[in-house]
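Proteins get letters first, then strands, A, B, ... in listed order; numbering begins at 1 in each.
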4 protein chains.
Amino acid sequence: MPDGAKVGGKRSETFAAERLTSFVERIEKLEEERASLGADMREVYSEAKGSGFDVKTMRQLVRLRKLEPAERAEQTELLDIYMQALGMA
Amino acid sequence: MPDGAKVGGKRSETFAAERLTSFVERIEKLEEERASLGADMREVYSEAKGSGFDVKTMRQLVRLRKLEPAERAEQTELLDIYMQALGMA
Amino acid sequence: MPDGAKVGGKRSETFAAERLTSFVERIEKLEEERASLGADMREVYSEAKGSGFDVKTMRQLVRLRKLEPAERAEQTELLDIYMQALGMA
Amino acid sequence: MPDGAKVGGKRSETFAAERLTSFVERIEKLEEERASLGADMREVYSEAKGSGFDVKTMRQLVRLRKLEPAERAEQTELLDIYMQALGMA
DNA sequence: GTGGGTTTGTGGCACC
DNA sequence: GGTGCCACAAACCCAC
């Protein structure tokens, strides 16, 4: 009975290994899809650049559009106040 | 004088604005999908954590699996050499 | 009493502006020193690279040395276990 | 010829180890100082917060002040154009 | 090959 | 005390 004694332990180890493998594979699948979308995005930016748009500014724009208008306004106002306080007009 | 004088300029401005809008909307669509996948990944990690796995270690694991085995071995070896040089066993 | 009402306001605005300026200047001073140290670090890494050392590995090394030995061992072990579970030996 | 065969190799290994150790120690010294400045900065921000200032906005402010005014203006202008094109006023 | 920009991972912080 | 968020620092990638 060579492996007998450890069978219980081995079984749960195997089980844990399978669960872990499953989690990791799910993650990898999702990462793959994510990377694919990232490639698509780069393509769109590249096309935009080819049309004469400034990519960096476009990225800023996209970032700003994620904020709620109210939130954006609020941040901007406070920043303006602070800039005036510092004499940055 | 309906639209005359400025029409030429306005037309190309309008055209550019439309193109930019199109690019930005395509980007935003892609970002949305990407964010959704990111949320899915967080869920998987969270579920794994609930199963007793260590998320940080899992992340390391996933990162390592992206490397070619040869590359991974090389990095590990070099690190070992450096650690020995520093007396970190 | 036309301007009276605002005088207090102006005074505290000025006071606030001065405080803010003071904070910002202190921060900038500290950031400057920090940046200087960062430059020194880059120099050291660059010199090391010129001596044939691998910078990326050195960074790993430095990071590892920050951890307590026990902590480091623990992380390594757990990663090994996970790698074995995934058949990465 | 006492230590003959391996001496050459060992000597250069030792030499390399010493160089590496030296580099790493220099880095660690610099990192330590850097960390100390980081702590000072957190303190200043914390104090500012206690005085009623918004830390996040202060960080933006400090970031903006690093840019040349001309550069800042340029970026802002282009962004405005794009925002108008997208109807973000 | 080097520098700039983006993205990703990590650590600190506040809120619950 | 733990969880989510935010900012910083490092790694990666591309453009020059």
Side-chain angles (χ1 to χ4, degrees), chain A residues 27-28 30-32 34-50 54-63 66-67 71 75, chain B residues 27 30-31 34-35 37-39 41-43 45-50 54-67 71-72 75 79, chain C residues 27 30-31 34-35 37-46 49-50 54-64 66-67 71 75 79, chain D residues 27 30-31 34-50 54-64 66-68 71 75:
Chain A
I27 289 289
E28 285 175 340
L30 292 166
E31 283 208 350
E32 202 177 322
R34 230 170 81 100
S36 167
L37 290 172
D40 293 347
M41 286 171 58
R42 271 195 301 280
E43 257 185 77
V44 174
Y45 276 122
S46 172
E47 197 184 332
K49 181 178 181 173
D54 182 74
V55 172
K56 185 173 174 181
T57 304
M58 284 180 66
R59 288 185 186 273
Q60 282 185 62
L61 188 61
V62 169
R63 220 179 302 132
K66 282 181 193 159
L67 301 176
E71 196 182 352
Q75 285 192 10
Chain B
I27 289 289
L30 292 166
E31 283 210 350
R34 229 171 82 103
L37 290 172
M41 286 170 58
R42 270 196 302 281
E43 255 187 80
Y45 277 121
S46 173
E47 196 184 333
K49 182 177 181 173
D54 182 74
V55 171
K56 185 173 175 180
T57 304
M58 284 181 68
R59 288 186 187 274
Q60 282 185 61
L61 189 60
V62 168
R63 219 180 305 132
L64 286 173
R65 278 166 65 92
K66 283 182 192 160
L67 301 176
E71 197 180 353
R72 186 164 69 234
Q75 286 193 10
L79 182 59
Chain C
I27 290 288
L30 292 167
E31 282 210 350
R34 232 170 78 103
L37 290 172
D40 292 348
M41 286 171 58
R42 271 195 301 281
E43 256 186 80
V44 175
Y45 277 121
S46 173
K49 182 178 180 173
D54 182 74
V55 171
K56 184 173 174 181
T57 304
M58 284 180 69
R59 287 187 188 274
Q60 282 185 61
L61 189 60
V62 169
R63 216 179 309 131
L64 286 172
K66 282 182 193 157
L67 302 175
E71 198 181 351
Q75 285 192 10
L79 182 58
Chain D
I27 290 289
L30 293 166
E31 283 209 350
R34 232 168 79 104
S36 168
L37 290 172
D40 292 348
M41 286 171 58
R42 271 196 300 281
E43 257 186 78
V44 175
Y45 277 121
S46 173
E47 198 184 330
K49 181 178 182 174
D54 182 74
V55 172
K56 185 173 176 180
T57 304
M58 285 180 66
R59 289 186 187 273
Q60 282 185 62
L61 188 59
V62 169
R63 221 179 302 133
L64 285 172
K66 284 183 194 159
L67 301 176
E68 294 296 319
E71 195 181 354
Q75 286 191 13

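Using a 4.5 Å cut-off on side-chain heavy atoms (C-beta onward), C:Asp40 and C:Tyr45 make no contact. The closest side-chain heavy-atom distance from B:Met58 to B:Asp54 is not below 4.5 Å. Side chains of D:Gln75 and A:Gln60 form a contact here, defined as non-hydrogen atoms less than 4.5 Å apart.
Using a 4.0 Å cut-off, some side-chain N or O of A:Arg59 falls inside it from OP1 or OP2 of E:dT7. Note on C:Lys56: a side-chain N or O is less than 4.0 Å away from OP1 or OP2 of F:dC12.
Rounded to whole Å, the distance from CG on D:Leu64 to P on F:dA7 is 14 Å. One interatomic measurement links the two molecules: CD of B:Glu71 to C1' of F:dA11, which rounds to 13 Å at whole-angstrom precision. Residue D:Met41 contributes atom CE, which lies 14 Å from atom P of E:dG12 at whole-angstrom precision. Look at OH on A:Tyr45: it is 19 Å from P on F:dC13, rounded to the nearest Å. Across the protein-nucleic acid pair, B:Met58 atom CE and E:dT10 atom P stand 14 Å apart, rounded to whole Å. Taking atom NZ of C:Lys66 as the reference point, atom C1' of E:dG9 lies 14 Å away to the nearest angstrom.
Within the 4.0 angstrom heavy-atom criterion, only backbone atoms of the sugar-phosphate kind lie near B:Lys49; the bases stay farther away. A:Arg63 comes within 4.0 angstrom of no nucleic acid atom, judged by non-hydrogen atoms across all strands.
Looking at which nucleotide of DNA chain F each of B:Arg42 and C:Glu31 is closest to, the 5′-most match is held by B:Arg42. When each of B:Leu67 and A:Ser46 is assigned the nucleotide of DNA chain F bearing its nearest heavy atom, the one mapping closer to the 5' terminus is B:Leu67.
A salt bridge is absent between A:Glu28 and B:Lys66: the closest approach of a Lys/Arg side-chain nitrogen to an acidic carboxylate oxygen does not fall below 4.0 angstrom.
Nearest nucleotide to the A:Arg34 side chain, out of E:dT8, E:dC13, F:dA7: E:dT8.
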